[in-house]
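What follows is a set of notes on a single structure, which appears directly below.
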There are 4 protein chains.
Amino acid sequence: MSDRVTTVATVTLSGAQQVLAAAVEHAATLDVPVCVAVADRAGNLVAFARMDGAPLLSAGLAQDKAYTVAAFGLPTHAWWDLIKDTPSLLHGIVKTERLVIFGGGVPLVVDGELVGAVGVSGGSVEQDREIAEAGASALA
Amino acid sequence: MSDRVTTVATVTLSGAQQVLAAAVEHAATLDVPVCVAVADRAGNLVAFARMDGAPLLSAGLAQDKAYTVAAFGLPTHAWWDLIKDTPSLLHGIVKTERLVIFGGGVPLVVDGELVGAVGVSGGSVEQDREIAEAGASALA
Amino acid sequence: MSDRVTTVATVTLSGAQQVLAAAVEHAATLDVPVCVAVADRAGNLVAFARMDGAPLLSAGLAQDKAYTVAAFGLPTHAWWDLIKDTPSLLHGIVKTERLVIFGGGVPLVVDGELVGAVGVSGGSVEQDREIAEAGASALA
Amino acid sequence: MSDRVTTVATVTLSGAQQVLAAAVEHAATLDVPVCVAVADRAGNLVAFARMDGAPLLSAGLAQDKAYTVAAFGLPTHAWWDLIKDTPSLLHGIVKTERLVIFGGGVPLVVDGELVGAVGVSGGSVEQDREIAEAGASALA
């Protein structure tokens with residue numbers, strides 16, 4: 001291999017299912033039915049679960065949260081501070097396709113490297129974030 | 001309940017995950033990495049897995065196959081015989097959004113009732129159908 | 001790293017620009033202005049050029065050809081033989097978003113591994129394929 | 001030629017590649033991996049590069065910034081002052097497809113004439129603008 005090719009670490013289905021199971025389990029302890037999506041390093045869906053009673057609207061949001069994290073590298077709850085004091089960004093970037101700027105999307109990090117993302121939707125943004133972090137910690 | 005309201009039987013996350021696991025296991029015995037999607041009675045995604053090495057293109061197709069089955073009630077491999085001798089259907093219905101007319105989408109039936117669907121993509125249409133049927137049989 | 005994470009080899013910008021330059025140079029010797037797109041292993045765009053006089057329509061087609069190859073692993077000219085004798089596929093799969101089933105999309109392979117794809121559009125399918133292969137050979 | 005026909009000056013691939021190279025070089029000196037897109041006078045993509053490590057989300061934003069500039073004639077950072085005091089514009093125009101109202105899109109001007117645009121995304125809006133201007137100055 002030369003500088004023409006690089007290698008990218010990315011979550012496997014096995015790893016994604018561990019994240020999914022940990023997130024669903026944590027959501028169940030909170031009694032908050034959510035949708036959970038796990039994306040690989042390139043933002044493509046690897047694993048998904050909609051818990052019984054989770055809002056249908058959340059299915060897309062969970063996937064978009066995971067995509068946002070994989071596509072930009074930050075947890076979705078970090079976006080607000082990034083844009084709130086720049087009015088042109090605040091008004092202008094929110095419409096970006098699949099970009100979610102509120103909590104619930106969290107990076108999957110292994111050995112210090114971003115390898116994918118988990119997105120959760122269905123509870124409050126604080127609950128979604130907490131559940132996503134519980135999922136992510138299963139991999140760390 | 002009166003005649004103004006009805007109930008719909010639909011697969012749970014637990015049921016969907018059994019279908020998913022059985023399909024993934026069968027695909028592994030065939031050594032064919034696929035995407036598997038399980039939809040509820042309304043066609044909405046409940047559970048999804050992309051096996052390591054499955055084509056990215058299959059992620060959408062698996063979901064569309066499950067949707068097609070839930071949305072019309074037939075396995076996707078039944079569509080061709082239904083439309084092939086009616087040119088207006090053959091040319092006119094195929095473009096319907098999310099409609100898939102080849103094998104790999106199979107109904108989930110419990111107690112004679114359609115409760116959801118499983119869609120598989122990544123192998124040949126025969127393999128996809130066989131894997132989807134292996135998944136569906138986990139619920140029957 | 002465990003089985004929770006895998007590594008994927010993918011083309012760099014430097015590698016993609018070598019492919020792009022080789023394809024554009026070959027197209028110039030044929031006097032056929034084309035669009036050339038290079039995608040990474042996950043199908044995301046890395047490098048693109050529209051030669052002067054290339055059809056505008058080709059800009060999207062070149063990107064879709066590269067995406068198709070990365071997302072399914074086969075050169076786009078291999079799709080026709082794959083589907084021509086199965087009427088349900090022939091009629092049913094062509095509408096898949098971004099799927100291109102004619103020549104001009106070619107895998108980028110380094111050390112026997114798929115690391116991305118190049119898509120060319122603007123000439124005949126034979127010319128597009130020849131130009132894409134000239135591009136791909138710059139990386140091999 | 002008569003008054004029924006006019007000519008439009010527009011950047012060539014060669015010119016676009018000079019802009020691209022200058023922008024990428026400047027981004028490298030800042031150590032900010034970005035996506036760079038060059039559009040012609042009509043807003044259509046001519047050349048594109050995604051630097052290694054640039055956010056995936058930036059690929060579309062860079063192209064939309066270049067489009068916005070070509071399609072309206074102003075740098076994208078000029079939009080905010082244009083709309084901020086007119087609530088109907090502020091709330092009503094931002095959703096326009098592909099319109100970007102924050103920095104990073106810069107006109108390409110030759111002999112006083114708009115001939116295309118460069119769009120940069122991946123850093124802060126100030127960095128994106130600085131990199132785009134470095135690219136544009138290669139053509140001036």
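Residue numbers start from 1 in every chain, and the chains themselves are labelled A, B, ... in the order their sequence lines are given, proteins ahead of strands.
More than 12 heavy atoms of other residues, nucleotides or ligands sit less than 6.0 Å from atom CG of B:D81. Atom CG of B:L82 sits in a crowded spot, with more than 12 heavy atoms from other residues, nucleotides or ligands closer than 6.0 Å. The local environment of CZ in B:F102 is crowded, with over 12 non-hydrogen atoms from other residues, nucleotides or ligands closer than 6.0 Å.
Each of B:T12, B:V38, B:L45, B:N44 was scored for a side-chain contact (heavy atoms from CB on, under 4.5 Å) with A:R50, with one residue passing: B:N44.
Within the 4.5 angstrom heavy-atom criterion, atoms from both the backbone and the side chain of B:A49 approach chain A.
Contacts with chain B were tallied for A:V24, A:V36, A:T10, A:D40; A:D40 has the most, counting heavy-atom pairs under 4.5 Å. Counting heavy-atom pairs closer than 4.5 Å to chain B, the top-ranked of the candidates A:A47, A:S14, A:A37 is A:A47.
Once rounded to the nearest 0.5 Å, the distance linking CZ of A:F48 with CG of B:L20 reads 11.5 Å.
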